[in-house]
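Values reported hereafter were calculated over all heavy atoms of this structure, with side chains retained and with hydrogens, waters and symmetry mates removed. In listed order, ligands and their atoms are each counted from 1. If you read the sequence from its start, that first residue is 1, and numbering goes on from there.
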Amino acid sequence: MGRLIIISNRLPVSVEKGRKGWELKTSVGGLATGLSSFHATGNNLWVGWPGTARESLNRSRSAVQKVLEERRFLPIWLSADEVHAFYYGFSNRTLWPLFHYFPQYAVFEKRFWEGYRAVNLKFAEALYRIATNDDVFWVHDYHLLLLPQFLREEFPTAKIGFFLHIPFPSYELFRTLPWREEILQGMLGADLVGFHTFGYAAHFLDCVHALLGYEHVLGEVVVGERRVRVDAFPMGIDYARFSSSAPDPALAKEVARIRKSGELRVLLSIDRMDYTKGLVERLLAFDEFLSRNPRFKERVVFIMLLVPSRTRVKEYRELKKQVDELIGQINGKHGTVGWTPIRYMYRTLPFQELLALYHAADVLLVTSLRDGMNLVAKEYVASKADGRGMVVLSEFAGASLELPEALVVNPHDVTGLAEAIERALTMSDEEKVHRMRIMQERLRRHDVHHWASSFLRALKESGETKVVPLGPEVRKQLLASFQKSSLRVLFLDYDGTLVPLVSEPQAAKPDRALKALLHRLAVLPGTEVVVVSGRPREVLDAWLGRLPVSLVAEHGGWIRERGQPWRSWGANVDPSWKTKIRPIMEEFAERLPGAFVEEKVFTLALHYRRANPQAAKTLIRELKTTLVELTAHTELQVMEGHKVIEVKAGPFSKGQAVRKWLEGKRWEFILACGDDRTDEDMFRALPKHAWTIKVGQGHTQARFFLPHPRELRRILAALLKP
Ligand code: GDG
């Protein structure tokens with residue numbers, strides 16, 4: 001492995017104007033901590049924006065650059081215009097709201113998109129100058145969604161990882177983004193795409209399928225010749241730092257004083273001032289809690305730390321106003337001369353003070369409406385060494401999956417939230433300690449170092465098993481193996497394999513050259529050609545019936561060995577199932593212009609090659625769910641092929657059909673070629689040494705792939721040459 005190059009929008013240091021000129025300020029965010037040990041090793045590098053617009057540095061730039069480079073930071077200098085379009089624009093006014101389920105705040109502006117694209121390219125170009133194929137790239141977060149693909153273009157064999165720190169939304173939301181395909185393609189440039197939860201990973205895979213047509217198998221997507229792994233890596237915290245650091249003594253004393261004077265209980269919340277954090281819901285719930293529990297008057301104080309954020313964006317300024325007003329109202333409504341229920345701070349605190357707040361608080365409130373993970377919840381749990389604390393935690397924060405022992409709430413349910421506050425404040429110490437210990441143990445094991453090393457390990461292992469294109473070398477071996485074998489069988493799928501897929505199934509009729517090719521292969525001594533298709537018998541008979549080949553129709557429902565009559569494998573299946581399924585398929589075909597239903601003896605198929613692909617995606621998904629539910633616990637099977645969804649009666653498959661040819665025969669050469677999922681059964685049924693070829697793109701069990709039927713026909717023709 002070469003160098004590790006970490007790339008994030010912001011460097012973990014900022015360049016700031018101090019009294020003695022420009023100064024470097026180190027940030028101690030979770031990411032910086034998690035990756036610092038990797039960054040500190042060898043020649044590793046961190047690439048990102050140092051937080052100051054290029055113009056303001058002016059002549060000091062090269063000096064600052066030098067200092068940064070000495071610490072192995074490569075700065076990407078952004079102009080004020082670039083920051084405006086890329087950071088404040090597309091990142092924070094398009095992606096942020098959309099990915100957090102606030103479509104009403106998302107702006108779709110072309111110039112923001114162009115700025116975003118340009119800055120992603122700028123990062124890429126900086127890397128083109130200094131990196132090589134041997135480096136390992138780890139790209140972070142929503143600011144750089146296009147970067148993995150830009151890197152892939154220049155570094156085709158490098159290891160590229162991508163991690164998203166915020167949620168990935170469901171398809172219905174993501175599809176509103178005008179540049180949705182580019183974004184997905186951008187992310188798929190990586191070998192490994194990581195998210196905080198399986199839910200986000202599933203949404204991403206769903207979008208990739210719906211918008212790009214790539215299916216996944218166990219979280220693996222095939223893109224051209226590459227396999228991209230998609231997985232969950234929940235980010236942890238620097239557990240040791242929180243569990244063993246001492247809080248700021250002055251603040252600790254101050255909090256202890258507040259608590260003692262009147263046996264006060266302390267509620268705490270810490271967030272950036274952001275509309276995703278459920279601040280209004282939290283305040284309303286606290287209001288309701290106070291109204292419903294007069295016994296807590298003058299006995300509880302809510303310390304609310306809000307860190308200023310994105311103040312240039314309108315929604316953030318409006319939120320600040322709303323929160324300020326609400327706090328004023330609640331304090332006015334419930335407060336007394338000696339008691340202010342909400343103590344509000346709008347600033348950043350030094351780490352020791354933050355720690356003092358964690359130590360002091362009886363209850364932490366995390367009420368995010370959406371939150372990728374939420375590290376504050378984890379930090380609080382780690383900090384409460386005596387275990388006497390509780391978290392009221394939103395089910396919409398990624399952290400809730402790892403902290404089910406917290407009081408998990410729906411923040412939209414204000415009354416439920418108020419009840420959870422009461423429950424947390426009145427929970428026995430014994431129960432709190434019990435719950436906290438379980439959470440602490442989990443967080444200790446899955447800390448930020450564990451997170452970074454698991455991701456990098458997975459990245460190292462990813463992309464190892466490439467689908468091998470059938471290049472000239474393999475082709476030579478295949479031909480040689482064919483020539484020297486005296487007993488040979490060729491299993492060939494028809495549509496998409498021997499002929500390209502066409503919008504009208506009847507138009508896929510074999511041309512004269514194809515018939516001649518199959519004929520000449522089938523009469524070679526010791527050679528059997530089997531066309532293994534999903535088509536009905538009648539069609540295969542009409543098109544290929546006169547050739548000396550064997551035929552398999554309806555995905556194995558019918559078999560016609562060379563020179564023999566057709567035999568069925570599904571003869572015992574009661575055909576009454578069709579009366580139930582056919583009307584459903586027809587109803588869907590009706591709703592999807594261009595789709596039609598085909599009835600075969602053992603199969604009903606809905607073809608949608610001619611339908612609008614966008615319309616088809618949603619509808620076919622719905623049809624598939626309906627069919628799978630209806631056919632559960634029956635002999636019926638639902639299959640998806642290329643632009644066709646079928647229900648088939650009986651346990652036969654292309655796999656079973658080819659197995660028939662294997663029984664008792666000692667084939668020296670086996671070739672199987674297919675293009676869609678029904679052919680995978682065939683690949684799986686064959687012995688390891690068989691030459692299995694997938695025609696076209698997608699996940700496959702086959703050993704090799706060819707891009708187009710044309711290439712396959714060329715290879716088949718080459719078999720004829722002595
Ligand atoms: C993203 C995702 C995901 C906060 N105020 C102060 C302060 N902090 C520190 C906390 C914590 C961090 O900032 C905030 O972490 P979060 O997880 O809550 O959110 P973000 O980092 O903004 O955002 C989020 C995260 O990425 C990681 O993937 O969890 O869902 O939105 O570490 O301690 N630190 C100090 N003073 C403060 O006033 N010193």
S.K.: Under 4.0 Å from ligand 1, counting heavy atoms only, is it the side chain of Met235, its backbone, both or neither?
M.R.: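 It is the side chain that touches ligand 1; the backbone stays farther off.
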S.K.: Heavy-atom distances under 4.0 Å are what count here, so tell me which part of Glu353 touches ligand 1: side chain, backbone, both or neither.
M.R.: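 Neither part.
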S.K.: Answer yes when Asp362 and Lys432 have at least one side-chain N-carboxylate O distance shorter than 4.0 Å, and no when they do not.
M.R.: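 No salt bridge links Asp362 with Lys432.
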S.K.: Can you list the atoms of ligand 1 that are under 4.0 Å from a heavy atom of Asp371?
M.R.: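 Under 4.0 Å from Asp371, ligand 1 has these atoms: 24 (C), 30 (O), 31 (O).
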S.K.: Which atoms of ligand 1 are found less than 4.0 Å from any heavy atom of Leu305?
M.R.: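 Heavy-atom distances to Leu305 below 4.0 Å select 38 (O).
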S.K.: Can you list the atoms of ligand 1 that are under 4.0 Å from a heavy atom of Thr348?
M.R.: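 Matching atoms, with element in brackets: 36 (N), 37 (C), 38 (O).
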S.K.: For Trp96, take its heavy atoms, then give the atoms of ligand 1 lying under 4.0 Å from any of them.
M.R.: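 This gives 31 (O) as the contact atoms.
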S.K.: Relative to ligand 1, is Ile237 under 4.0 angstrom through side chain, backbone, both or neither, heavy atoms considered?
M.R.: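 Answer for Ile237: neither.
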S.K.: Just to be sure I'm reading this right: ignoring hydrogens, which of Lys277, Met373, Glu379 gets closest to atom 19 (O) of ligand 1? Compare them by their nearest heavy atoms.
M.R.: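 Among Lys277, Met373, Glu379, the closest heavy atom to atom 19 (O) of ligand 1 belongs to Lys277.
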S.K.: Out of all atoms in ligand 1, which are within 4.0 Å of some heavy atom of Arg272? Include the element for each.
M.R.: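 Every atom of ligand 1 under 4.0 Å from some heavy atom of Arg272: 22 (O).
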S.K.: Tell me yes or no: between the side chains of Thr311 and Arg317, is some donor less than 3.5 Å from an acceptor?
M.R.: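 Result is no, nothing qualifies.
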S.K.: Quick check on Phe242 - does any of its heavy atoms sit under 4.0 Å from an atom of ligand 1?
M.R.: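 Distance cut 4.0 Å: Phe242 fails for ligand 1.
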S.K.: Got a salt bridge between Glu220 and Arg229, using NZ or NE/NH1/NH2 to carboxylate O under 4.0 Å?
M.R.: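 Result for this pair is no, no salt bridge flagged.
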S.K.: Is there a heavy atom of His196 sitting under 4.0 angstrom from any atom of ligand 1?
M.R.: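 So His196 counts as touching ligand 1.
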S.K.: Any idea which atoms of ligand 1 are less than 4.0 Å away from a heavy-atom of Phe351?
M.R.: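 With Phe351 as reference, the close atoms of ligand 1 come out as 39 (N).
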S.K.: Is there any salt bridge (charged side-chain N to carboxylate O under 4.0 Å, His left out) pair reaching into residues 176-191, and which pairs are they, with sequence neighbours excluded?
M.R.: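 Those involving residues 176-191 are Arg152-Asp191.
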S.K.: Please confirm whether Arg444 makes a cation-pi placement over Tyr239, using NZ or CZ under 6.0 Å from the six-membered ring centre and within 45° of the ring normal.
M.R.: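 No, Arg444 does not lie over the aromatic ring of Tyr239.
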S.K.: Atoms of ligand 1 less than 4.0 Å from Leu375 heavy atoms?
M.R.: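 It comes down to these atoms of ligand 1: 15 (O), 16 (P), 17 (O), 18 (O), 27 (C), 29 (O).
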S.K.: Exactly one of Phe396, Phe102, Phe99 should register a side-chain contact (heavy atoms from CB on, under 4.5 Å) with Thr276. Which one does?
M.R.: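 Exactly one pass, corresponding to Phe102.
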S.K.: Quick check on contacts: which atoms of ligand 1 are under 4.0 angstrom from a heavy atom of Leu349?
M.R.: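 Once the distances to Leu349 are compared, the set is 35 (C), 36 (N), 37 (C), 38 (O), 39 (N).
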S.K.: Heavy atom to atom 3 (C) of ligand 1, shortest distance: which of His140, His165, Arg347 holds it?
M.R.: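 When every heavy atom of His140, His165, Arg347 is considered, His165 comes closest to atom 3 (C) of ligand 1.
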S.K.: Distance from Leu365 atom CG to Leu417 atom CG, nearest 0.5 Å?
M.R.: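 These two atoms lie 7.0 Å from each other.
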S.K.: Taking the minimum heavy-atom distance to atom 7 (C) of ligand 1, which of Val307, Leu354, Ile270 ranks first?
M.R.: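 Among Val307, Leu354, Ile270, the closest heavy atom to atom 7 (C) of ligand 1 comes from Leu354.
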S.K.: Please lay out, stage by stage, how Phe233 and Trp451 fare under the test ring pair (Phe, Tyr, Trp, His ring centres under 6.0 Å).
M.R.: CA-CA 6 Å; Phe233 299 87; Trp451 169 77; 8.3 Å; no
S.K.: Enumerate the salt bridge (charged side-chain N to carboxylate O under 4.0 Å, His left out) contacts for residues 389-402, please, sequence neighbours excluded, ordered by first and then second residue.
M.R.: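 The answer is Lys378-Glu402.
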S.K.: Looking at Tyr346, I'd like to know if the NZ or CZ of Lys320 sits under 6.0 Å from its six-membered ring centre while staying within 45 degrees of the ring's axis.
M.R.: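 Positive - Lys320 is close enough to the ring of Tyr346 and near enough to its axis.
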